[in-house]
Amino acid sequence: LLGGVFFGELLQLSLGYYRVESRPVAYVAYSLASTVATLSLNIVFLVVLGMGVAGMLLSTLVSSFFFALILTGRRFPGGQWRVDPALIRSMLGYCVPFIPMGLMAFTVNFSDRYFLRVFEGMERVGVYALAYKLGWIVGFLVGSPVSLVWNPQAFEIAKEENASGTYARVFTYFAAGLVAVATGLSVLAPEMVGVMAPPGYRSAARVVPVLAWSTVFLNATTMLQIGILLKKRTAWLPAIWGGTATINVALNFLLIPRM
């Protein structure tokens, strides 16, 4: 498991170079090849060899190791490795705040399921899970694809003379896309739930609009936090998300039993 995580992160780091270099074809090609390899190995280890969960973990490990080795080798063909202590300190100072921020973001996204299980039972958690997946279509169709391009390009835009105007235009289009998809989901939620799930899940349709619009604001933070990232004030992020998580948990505790 740890090996799969390590080589998986190394693979994502190697793929990140293609995003920074604006080479989407190479990024998609290697990502797709890695996915196909993992699925193929899953079939071999699970269906043919009957290895169960261990087979799934092994397929991820083998695929991640293979592609991480290829991409890392292509990035450093001459084996030119050099340790820069000053750069490492700077990177750690910038990146370490993302660890507690990630924990707080996890709390914001998933603590509601705990309170639902405690106050309403697992049946309600199942209904909510379906609504959550439908609401997350906003992020799947707009948020995630834009983030893949935006994260590396945002720092390049900062070098432009009219960077603020570019940021404003990009965010306007991004927000319009998020709002359009959320509106569509809000209108079509009953039909989508009716097609995808049995009658016992119909109540999920009432929750989809709320979750879709919450996903709009959640994905908007991708661009709204650009000022913090450019100024290297990432130490503020854990405090911001910590406050958000505190409010989220408190409202879950207060509202879920009453609604």
Side-chain angles (χ1 to χ4, degrees), residues 8-28 30-31 71-72 75-76 81-110 136 138-182 212-248:
E9 290 302 314
L10 183 59
L11 173 60
Q12 292 304 315
L13 177 62
S14 301
L15 287 172
Y17 277 101
Y18 293 113
R19 293 169 57 191
V20 173
E21 295 171 346
S22 299
R23 298 174 60 187
V25 174
Y27 177 86
V28 172
Y30 280 112
S31 297
L71 293 179
T72 304
R75 185 57 54 181
F76 304 104
W81 297 82
R82 182 171 63 89
V83 176
D84 187 335
L87 179 60
I88 291 175
R89 286 194 298 270
S90 176
M91 291 176 64
L92 288 176
Y94 187 86
C95 296
V96 166
F98 285 95
I99 298 175
M101 186 200 99
L103 295 175
M104 296 300 102
F106 179 86
T107 302
V108 170
N109 285 317
F110 297 105
W136 188 250
V138 175
F140 178 75
L141 292 181
V142 182
S144 296
V146 171
S147 295
L148 287 174
V149 179
W150 172 255
N151 289 336
Q153 292 300 319
F155 294 91
E156 292 298 319
I157 294 174
K159 302 174 184 177
E160 299 177 1
E161 183 176 349
N162 188 31
S164 60
T166 302
Y167 287 137
R169 287 193 301 273
V170 172
F171 181 73
T172 299
Y173 298 140
F174 181 55
L178 293 173
V179 169
V181 176
W213 285 99
S214 67
T215 305
V216 169
F217 294 109
L218 181 63
N219 279 271
T221 61
T222 301
M223 294 189 182
L224 294 178
Q225 67 183 9
I226 186 60
I228 292 176
L229 301 182
L230 291 176
K231 295 295 184 180
K232 299 182 179 181
R233 304 289 177 83
T234 54
W236 292 0
L237 293 175
I240 294 171
W241 280 93
T244 303
T246 301
I247 295 172
N248 179 266

Grab the two heavy atoms, one from T234 and one from Y94, that are nearest each other, plus how far apart they are. OG1-O, 2.9 Å

Drop me the distance from L141's CG to L178's CG, to the nearest 0.5 angstrom. 10.5 Å

For W213, which residues count as a side chain to side chain donor-acceptor pair (under 3.5 Å) partner, sequence neighbours excluded? S186

For A86, does its backbone N or O pair with a side-chain atom of S90 as donor and acceptor, under 3.5 Å? no

Closest contact, heavy atoms only, P97 versus G93: CD-O, 3.5 Å

Would you find a donor on one side and an acceptor on the other, under 3.5 Å apart, between the side chain of T107 and the backbone of L103? yes

N/O donor-acceptor pair under 3.5 Å between Y167 side chain and M223 backbone: no

Verify, without hydrogens or angle tests, whether N109 (side chain) and A105 (backbone) share a donor-acceptor contact under 3.5 angstrom. yes

Given side chain to side chain contact (heavy atoms under 4.5 Å, CB included), test I157 with I226 step by step and report yes or no. CA-CA 11 Å; I157 294 174; I226 186 60; over 6 Å; no

Can T166 and Q153 be said to form a side chain to side chain contact (heavy atoms under 4.5 Å, CB included), step by step? CA-CA 11 Å; T166 302; Q153 292 300 319; over 6 Å; no

Evaluate whether atom OH of Y173 has more than 12 neighbouring non-hydrogen atoms of other residues, nucleotides or ligands under 6.0 angstrom away. no

Closest contact, heavy atoms only, P100 versus P238: CG-CG, 3.8 Å

Nearest heavy-atom contact between M104 and A245 is O-CB, 3.9 Å

Quick check on the 6.0 Å ring-centre criterion: do W241 and F106 meet it? no

Using a cut-off of 6.0 Å, state whether more than 12 heavy atoms not belonging to F217 lie near its atom CZ. no

Mark yes when over 12 heavy atoms from residues, nucleotides or ligands other than F140 sit less than 6.0 Å from its CZ; otherwise mark no. no

